[in-house]
Colleague: 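This is the structure I have questions about; it appears just below.
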Amino acid sequence: MVITTTIVGALALAVAIGAFLSIASRAKVDAREPPAIYSPIPFFGHIIGMLREGPLYIARISAQSSAPIFAMPMLGGKSYVCKNPQYAALIQRATSTLDFDGIVVNMTPRMVGSHAKTSRILVESQELMKRSHGIINPPLSQQHMGSIAAIQLAHFGDFINKIQNGHEVDLFRFITREVTAATMRSFYGPRNPFAVDPSLIEAFWDWEWEIVAYMVGVMRSVFARKAQAGLERCVKGFEKYAAEDGYKDASGLVQNRKALHEDFGISPHEHARLELGLCFGFNSNASITTFWVLNNIFSRPPLLAEVRAEIERNAIVSPGTIAFTKLRDNCPLLNSIYKETMRLAAPMTSARMVHEDTLIADTFLLRKGAVVQIAGGILHQDATIWGPDVSSFNARRFEHNWTGSKTDKDGNVSNAKGDQVHASAFRGFGGGASLCPGRFIAQMEIISLAAAVVCAFDLEAPQGKTTVEWDPPRDDKRFPFSVVKPLRELNVQLKRREGLEDVHWTLQA
Ligand code: HEM
């Protein structure tokens with residue numbers, strides 16, 4: 001039951017599930033409600049804006065209000081948008097009346113095409129969701145992720161060692177597919193469906209690519225044809241996996257979740273569908289982020305040299321062996337690049353259903369029935385939070401503080417306490433009840449794979465080209481259900497570094 005909601009993803013979906021949002025209050029506006037930004041076109045104006053401009057629309061109209069929370073009336077109801085970290089923290093804390101699980105159980109069935117009966121079980125059983133968190137979250141924690149990390153890192157080591165010198169690839173496809181294969185191996189074991197039939201990795205990404213169109217659910221065979229075909233192939237793969245007892249070798253998390261679904265009467269076929277929801281959370285965001293981290297490092301040769309020196313100094317524990325814990329604890333520049341990459345590529349939005357009228361900071365009244373969203377796309381681009389270079393990549397922005405530092409007018413980052421950015425401004429992993437439980441695993445896989453590529457290879461222009469075309473344009477206008485994707489291929493030649501051609505690389509957990 002994994003979902004990375006985004007402001008526009010959630011709202012676009014509202015078009016199709018009108019009832020879900022149109023239950024929102026038709027009551028009179030209370031003076032304490034956040035100020036509304038109206039579209040000149042009633043009911044559908046904001047929806048049309050979002051369909052045309054994607055998340056950029058909300059960022060653009062948000063400039064019309066200086067309030068920390070504003071309302072967007074639409075479809076006869078309204079959605080509140082929070083663009084201030086202090087208020088975001090308060091919204092996150094109001095868990096008794098602002099509900100995240102309700103969003104998850106409404107959207108997950110749409111993601112994976114569940115039967116109505118399954119949707120009902122998910123929506124009606126709060127106990128299932130509670131137990132589900134208890135099954136999923138603990139094994140992903142820093143203390144307990146050791147066995148997953150060991151398998152994942154061994155997979156990455158084999159991957160790095162098998163790459164032929166001079167191999168030419170589209171870096172996006174190459175990295176995302178490897179992270180998917182490694183993650184599936186770690187959680188679902190050696191007989192996981194994507195290992196038994198590797199073409200399912202492409203099927204998974206076909207689904208992932210068109211997931212919002214699939215969720216909207218209107219004429220899927222036309223508007224989400226590839227997604228539908230990809231999803232159905234993966235579901236069959238999971239059914240076969242279950243029939244052949246593949247679960248025997250799966251992680252405890254995966255086995256316990258299957259048992260939980262059985263307890264609640266979810267059929268094997270429907271469970272196979274729900275597996276895809278989990279795979280989405282496990283695979284998509286981390287793999288796309290790894291791609292952008294590599295792009296951001298290799299496109300800046302001086303930075304590449306610095307990162308290499310940092311890893312060689314602090315994380316190579318014996319020839320060819322890179323230790324993840326040393327990368328995590330002793331390589332502040334690499335970690336800063338990872339967070340800064342997420343600030344730019346993962347402007348996630350956390351959504352909550354308002355179950356009861358809720359007064360935030362004794363100031364803003366959120367009305368029952370509405371949706372409130374903490375807008376990562378606005379918060380990550382606010383110069384008053386991050387500094388004047390907010391729209392550029394600054395490799396050192398997170399070097400002193402894990403929550404980030406506000407830069408000065410020249411883009412410098414200091415370790416002064418006063419420059420520390422509010423913890424709720426960084427939305428890459430959501431926050432509060434929807435804080436991503438996989439963030440420790442994400443850090444492990446992203447910085448480790450990136451470090452191995454950085455240490456082992458130079459990324460050069462493919463044959464017949466003189467330069468690598470770094471920084472592909474981003475798919476900013478699409479509803480970003482996951483980390484933003486590049487709009488074109490990034491073709492490179494992987495050349496083993498001079499003098500290190502014969503090194504056997506090991507990634508240690
Ligand atoms: C850079 C990588 C990642 C990013 C940007 C990311 C982002 C997020 C966000 C924003 C949420 C909250 C969803 C919401 O508010 O709607 C979330 C939830 C979740 N993530 Fe991640 N995630 C990443 C990696 C991972 C990994 C590697 C795993 C597991 C191995 C994972 C597992 C989950 C799960 C299980 C949830 C659902 C939590 C729930 O339903 O309560 N994530 N993630």
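Note that ligands are numbered from 1 as they come in the structure, with each ligand's atoms numbered from 1 the same way. Reckoned from all heavy atoms, side chains included, excluding hydrogens, waters and symmetry mates.
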Colleague: May I ask you to list the atoms of ligand 1 that are less than 4.0 angstrom from any heavy atom of Met348?
Modeller: 10 (C)
Colleague: Do the ring planes of Trp209 and Phe172 sit parallel (below 30°), tilted (30 to 60°) or perpendicular (above 60°)?
Modeller: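 Correct class here is perpendicular.
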Colleague: Considering residues at least two apart in sequence or located in another chain, which fulfil the ring-ring contact (aromatic ring centres under 6.0 Å, His included) criterion with His271?
Modeller: Tyr247, His261
Colleague: Pick, from Ala345, Gly430, Gly438, Gly376, the option with the minimum heavy-atom distance to atom 28 (C) of ligand 1.
Modeller: Gly438
Colleague: Do the side-chain N and O atoms of Glu356 and Thr97 include a donor-acceptor pair separated by under 3.5 angstrom?
Modeller: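 Not at all, the side chains of Glu356 and Thr97 share no donor-acceptor pair under 3.5 Å.
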Colleague: If hydrogens are left out, which of Phe440, Phe429, Phe282, Trp292 has an atom nearest to atom 30 (C) of ligand 1, that is, the closest non-hydrogen atom?
Modeller: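 The residue whose heavy atom sits nearest atom 30 (C) of ligand 1 is Phe282.
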Colleague: Could you name the option among Pro437, Ser287, Gly431 that has the heavy atom nearest to atom 19 (C) of ligand 1?
Modeller: Pro437
Colleague: Heavy-atom pairs closer than 4.0 Å: do any link ligand 1 to the side chain of Phe187, the backbone, both, or neither?
Modeller: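 Within the 4.0 Å criterion, Phe187 contacts ligand 1 through side-chain atoms alone.
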Colleague: Out of curiosity, is Met342 lining ligand 1, as in a heavy atom under 4.0 Å away?
Modeller: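 Checking ligand 1 against Met342, which is what was asked, there is a heavy-atom contact under 4.0 Å.
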Colleague: Tell me whether the NZ or CZ atom of Lys339 lies within the 45° cone about the ring axis of Phe426 and under 6.0 Å from its centre.
Modeller: yes
Colleague: Between Ser434 and ligand 1, does any nitrogen or oxygen pair lie at a separation below 3.5 Å?
Modeller: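 Between Ser434 and ligand 1, an N or O pair is found under 3.5 Å apart.
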Colleague: Using heavy atoms and a threshold below 4.0 Å, how should the contact between Ile136 and ligand 1 be classified: side chain, backbone, both, or neither?
Modeller: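 The answer is the side chain of Ile136.
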Colleague: Any donor-acceptor pair under 3.5 Å linking the side-chain atoms of Ser405 with those of Asn401?
Modeller: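 Ser405 and Asn401 do have a side-chain donor-acceptor pair below 3.5 Å.
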Colleague: Hey, is Glu53 close enough to Arg60 for a salt bridge, meaning N to O under 4.0 Å?
Modeller: yes
Colleague: Work out whether the distance between some heavy atom of Ile446 and some atom of ligand 1 is less than 4.0 Å.
Modeller: yes
Colleague: Could you list the atoms of ligand 1 found under 4.0 angstrom from a heavy atom of Glu445?
Modeller: 27 (C)
Colleague: Can you label the angle between the Trp386 ring and the His380 ring as parallel, tilted or perpendicular, going by 30° and 60°?
Modeller: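 It falls in the perpendicular class, over 60°.
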Colleague: For Gly281, counting its heavy atoms only, list the atoms of ligand 1 lying under 4.0 Å from any of them.
Modeller: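 Under 4.0 Å from Gly281, ligand 1 has these atoms: 25 (C), 26 (C), 28 (C), 31 (C), 42 (N).
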Colleague: Is any side-chain heavy atom of Tyr214 closer than 4.5 Å to one of Met111?
Modeller: no
Colleague: One residue to check: His133. Relative to ligand 1, which of side chain, backbone, both or neither has a non-hydrogen atom less than 4.0 Å away?
Modeller: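 The side chain, only.
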